[in-house]
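These notes are about the structure you will find just below.
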Amino acid sequence: MTTDPRAVPAPEYRPGGIAARAMGARVEAAGYLDGLNPEQRQAIEATEGPVLVLAGAGTGKTRVLTTRIAHILATGRARPSELLAVTFTNKAAREMKERIGRYVGQAVEGMPWLGTFHAIGTKILRRHAEMVGLKSDFSILDTDDQLRLMKQIIQAEGVDEKRWPARQLASHIDGWKNRGLQPREVPPGEAKAFAGGKGGALYGAYQARLKTLNAADFGDLLLETIRLFRENADVLKDYQRRFRYMLVDEYQDTNVAQYMWLRLLAQGNKNVCCVGDDDQSIYGWRGAEVDNILRFEHDFPGALVIRLERNYRSTSHILAAASHLIAHNESRLGKTLFTDSADPEAEKVQVASVWDSEEEARAIGDEIERLQRLGHALNEMAILVRASFQMREFEDRFVTLGLPYRVIGGPRFYERQEIRDALAYFRAMIQPADDLAFERIVNVPKRGLGDATVLQIHAYARAKGIPLTLAAAEMVETEELKPKARSALKGLTDSFARWRAQVDVIGHSELAGIILDESGYTEMWQNDKSADAPGRLDNLKELIRSMDQFDNMQTFLEHVSLVMDAEQEAGLDAVNIMTLHAAKGLEFDTVFLPGWEEGLFPHQRALDESGRAGLEEERRLAYVGLTRAKQRVKLWFASNRRVHGSWNSSVPSRFLDELPEPHVDVIEGKSSYGGYGRGGYGASRFDQGAAFGSTYQTPGWQRAQARIAGPAGGGAMGGGAAGRGRGGDDHEFNQDPGRPAGGFGEARTGFAGYGAGRSPQRDRWGNPIVEKRLGKVLEGQLVTKSDAEAARYKCGDRVFHLKFGNGNVVEVEGNKLSIEFDRAGRKRVLDSFVQPA
DNA sequence: GGTCTAGCCATTTTT
DNA sequence: TGGCTAGACC
């Protein structure tokens with residue numbers, strides 16, 4: 001067992017003692033408790049015993065969390081190294097550290113146990129690795145490695161890979177690990193569910209293989225720590241003593257394994273404080289258990305529950321909308337947000353209807369430009385979508401408009417192919433047992449070592465019971481391989497030997513550069529002509545640059561597999577586009593929420609797969625979206641949306657009907673969006689200002705219900721066949737009671753009449769005049785966007801565009817260029833967005 | 001061993 | 001509709 005010299009227990013804290021009183025005086029003087037409301041203050045000062053802080057959106061949660069830590073440190077209740085503070089993401093951990101630093105200065109550096117569940121798990125596991133069958137330098141596998149490993153195991157067990165794909169096994173194993181289940185603990189029924197009864201065995205085989213590879217996957221970082229604690233009471237005791245105070249952020253996102261981990265540690269002194277919001281639990285699908293938070297008082301008897309309901313973020317309209325909506329959920333502890341700031345000028349929540357997703361993007365783009373002209377910063381605006389495919393339309397539109405935007409989310413830095421490849425080289429060099437790393441790069445760049453050769457190396461390695469790297473090194477000395485393969489492999493193994501010899505000779509970042517150059521990896525991307533190749537080379541450079549902060553290759557690898565993030569350029573003033581999930585924890589002055597349609601939001605799959613619980617999670621997602629907004633929130637839904645290529649008519653989301661009428665403004669097509677003039681299609685219940693009829697009675701809601709429960713059963717998103725048939729839903733809209741005939745209705749009927757075969761995108765009205773008018777609008781926007789300086793490009797010029805790559809200019813019209821891109825086809829873009837290639 | 005094509009699939013995502 | 005994967009083919 002490890003004994004950390006820092007682990008000498010601090011003296012017992014005596015409330016009311018002389019030291020305590022003196023420190024109390026200092027705390028008041030320090031002023032970090034100033035300006036807190038009574039609940040916040042209580043949450044900070046209730047340091048002893050279990051505490052659950054139910055922190056609604058925008059109620060100062062982060063402040064409470066960081067101040068609480070500062071308070072514990074400032075009052076001498078614990079030393080920095082005796083605090084355990086757990087977050088879910090590295091970003092959250094970084095921010096927390098940064099904010100605590102503001103209160104306590106350097107002391108934060110002495111907080112080794114501030115981090116993600118996984119980072120802290122890793123730290124503990126490395127200290128006691130041998131107790132769970134690993135060595136302290138075990139590798140951490142990413143999902144890619146995991147999948148490849150599972151594929152091998154499925155094959156080795158003679159299971160038909162087509163019927164039982166590795167992905168599916170991965171999700172089973174993932175699920176088991178989320179629930180804290182070791183292979184032998186998997187309920188027999190579930191263990192049999194995969195591959196005709198082999199599921200449990202495959203899980204066991206996978207775990208065994210991980211141990212041979214001296215590797216752990218993300219789930220193991222928790223699961224093996226739990227096992228370590230359970231099987232070694234003295235180790236557990238040591239940590240229970242060490243962690244005098246424990247804090248957990250985003251408690252609603254914990255899964256069963258994390259809960260078990262926490263329970264084990266908290267059984268010591270029980271000073272555990274969990275902060276979360278059940279209404280913001282949106283990760284049920286990846287194992288988060290809302291139950292953990294709902295059951296807190298039961299699991300930690302005598303727990304103090306503190307509700308933070310005073311909101312400092314949003315206007316009263318936004319809060320009313322969010323609260324009213326979320327009140328439709330049954331599984332919740334119940335909080336009601338309120339605000340003191342009563343601004344009579346505050347904008348109501350806006351709801352607008354558009355014809356299709358293209359118009360949605362156009363209208364939102366216009367609205368953004370309007371706000372921009374009024375002096376609003378783009379950084380303070382965000383478009384939050386349910387699914388990432390929705391982003392494309394906005395990106396396309398913004399590129400056309402020349403409106404700067406950034407997409408938040410997407411693949412993480414270390415998940416990118418080039419980063420993974422580079423890391424695999426480093427791993428294979430440092431860790432000869434890391435077969436997965438070796439396999440990944442053995443033929444990258446292509447050096448003529450295909451499946452056949454790899455299979456031979458595998459066989460050799462298995463026969464001798466040695467890792468692939470060693471097997472390869474031995475095989476090049478034998479006659480087993482074909483001459484071509486043999487010399488290629490020799491080149492590689494010689495290189496590895498050469499690099500290994502230099503590990504202690506030259507700096508690790510310098511060595512990394514040498515490896516990437518000598519292996520031909522850099523060259524591979526230099527020769528690649530695709531648009532993203534330069535970016536990949538930049539990423540590799542960035543990777544090497546970032547290595548300097550670390551002492552050696554090992555510490556770097558540890559860091560990168562666990563905590564490395566892509567840096568987002570923050571300097572640019574740009575509109576933010578992201579998924580609702582990615583938006584949790586952020587806030588913006590203006591929030592656009594497009595795509596509020598049945599099937600998309602709530603998403604049909606959530607309803608199909610998880611029924612009412614799924615619906616409630618979707619509703620929480622809507623709640624998260626609304627509560628991101630400080631000043632204004634604008635909701636949109638389109639009557640038509642393209643799903644997998646074909647057009648479907650859609651029904652407005654039931655969530656719209658769950659908003660409180662007095663706080664909502666329905667934007668009529670003919671008023672604000674006169675330019676488009678078609679708002680209102682399919683939005684019958686929003687017509688004539690008679691919006692939002694009593695809940696559950698409106699036709700939209702009833703249609704939605706019928707659709708979900710109906711015989712069409714599991715019908716595709718938003719209406720599938722019905723929408724495409726003659727008339728279909730469109731016809732139905734016309735029959736809505738109380739809907740005035742004529743006007744827009746005519747036009748829409750017109751469309752529905754020939755709707756079956758035609759794509760609204762191409763010939764939406766069947767009327768060339770309308771088409772032209774649209775064109776003009778487009779022109780207007782383009783021209784207003786940048787001044788008419790002399791054309792910088794001429795036809796035939798070769799140019800590079802950040803998003804579309806290289807292309808040739810085929811038409812110049814002022815500052816607008818038509819470019820035939822090599823990969824993206826013909827696009828119209830502003831000249832300021834391209835540079836000479 | 002590398003390239004081409006038919007077939008499949010299609011939320012949300014952190015570590 | 002479009003991007004990815006497995007298997008056929010050169």
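Remember, predicted model here, so these are calculated numbers, not experimental data. The sequence lines fix the lettering, A, B, ..., with proteins before strands; numbering per chain opens at 1.
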Nearest-nucleotide pick for Thr116(A), side chain only, options being dT15(B), dG2(C), dT13(B):
dT15(B)
Asp253(A) CG to dT15(B) C1', in whole Å, measures 13 Å
Nearest whole angstrom, please: distance from the P of dT13(B) to the CZ of Arg416(A).
15 Å
Classify the ring geometry of His118(A) against Phe218(A): parallel below 30°, tilted from 30° to 60°, perpendicular beyond 60°.
perpendicular
With the criterion being N/O to N/O and under 3.5 Å, what pairs connect the protein with nucleotides 4-10 of chain C, and how long is each?
residue, atom, partner, partner atom, Å
dG7(C), OP1, Lys162(A), NZ, 3.1

Among dT12(B), dT11(B), dT15(B), the nucleotide that comes nearest once only the side chain of Thr143(A) is considered:
dT15(B)
note: Arg447(A), atom CZ; dG2(B), atom P; distance rounded to Å ~ 11 Å
In whole Å, what is the span from the NE2 atom of His644(A) to the C1' atom of dA10(B)?
5 Å
Residues which pass ring pair (Phe, Tyr, Trp, His ring centres under 6.0 Å) with Phe592(A), listed by chain and number, not counting sequence neighbours:
none
From C-beta outward on Phe218(A), which listed nucleotide comes closest to its side chain: dT15(B), dT13(B), dT11(B)?
dT15(B)
Give the C-alpha distance, both sets of side-chain angles, the deciding distance and a yes or no for salt bridge (charged side-chain N to carboxylate O under 4.0 Å, His left out) between Glu393(A) and Arg641(A).
CA-CA 11 Å; Glu393(A) 204 106 37; Arg641(A) 195 172 287 277; 5.7 Å; no
Axial cation check for Phe655(A) ring with Arg619(A), 6.0 Å and 45° limits
no
Determine the interatomic distance between P on dT11(B) and the same-named atom on dC4(C); round to the nearest Å.
14 Å
Considering only dT15(B), dA10(B), dT13(B), which nucleotide approaches the side chain of Thr89(A) most closely?
dT15(B)
For nucleotides 6-9 of chain B, print each protein N/O atom paired with a nucleotide N/O atom at under 3.5 Å, atom names and distance only.
none

Rounded to whole Å, please give me the gap between CD in Glu393(A) and P in dT1(C).
15 Å
Per the O4'-C1'-N9-C4 / O4'-C1'-N1-C2 angle with a 90° window around 0, dT12(B) comes out anti
Does His118(A) stack onto the base of dT15(B), taking stacking as ring centres under 5.5 Å apart and planes under 30° apart?
no
Can you check whether Trp285(A) stacks with the dT12(B) base, using ring centres under 5.5 Å and planes within 30°?
yes
Which part of the nucleic acid, if any, lies within contact of Gln390(A), taking any heavy atom under 4.0 Å across all strands shown: a base, the sugar-phosphate backbone alone, or nothing?
nothing
So which nucleotide from dT13(B), dT11(B), dT3(B) ends up closest to the side chain of Lys446(A)?
dT3(B)
Report the distance from atom CZ of Arg416(A) to atom CG of Leu423(A), rounding to the nearest 0.5 Å.
12.5 Å
Would you indicate what Leu449(A) reaches in the nucleic acid, counting non-hydrogen atoms under 4.0 angstrom: base, sugar-phosphate, or nothing?
sugar-phosphate
Closest heavy-atom pair, Asp277(A) versus Ala57(A), reported as atoms and distance to 0.1 Å, is OD2-N, 3.6 Å
Among Asn255(A), Val256(A), Asp217(A), find the residue that satisfies the side chain to side chain contact (heavy atoms under 4.5 Å, CB included) test when tested with Lys177(A).
Asp217(A)
In whole Å, measure the gap between the P atoms of dG3(C) and dT12(B) for me.
15 Å
Rounded interatomic separation in angstrom, taking CZ from Phe389(A) and P from dT1(C):
16 Å
5'-most by nearest nucleotide on DNA chain B - Gly645(A) or Ala452(A):
Ala452(A)
NA contact type, Gly450(A), heavy-atom cut-off 4.0 Å: base, sugar-phosphate, or nothing?
sugar-phosphate
Aromatic ring pairing Trp285(A)/His581(A), orientation class (parallel under 30°, perpendicular over 60°, tilted between)
perpendicular
For the pair made of CZ in Arg420(A) and C1' in dT15(B), what is the distance, rounded to whole Å?
12 Å
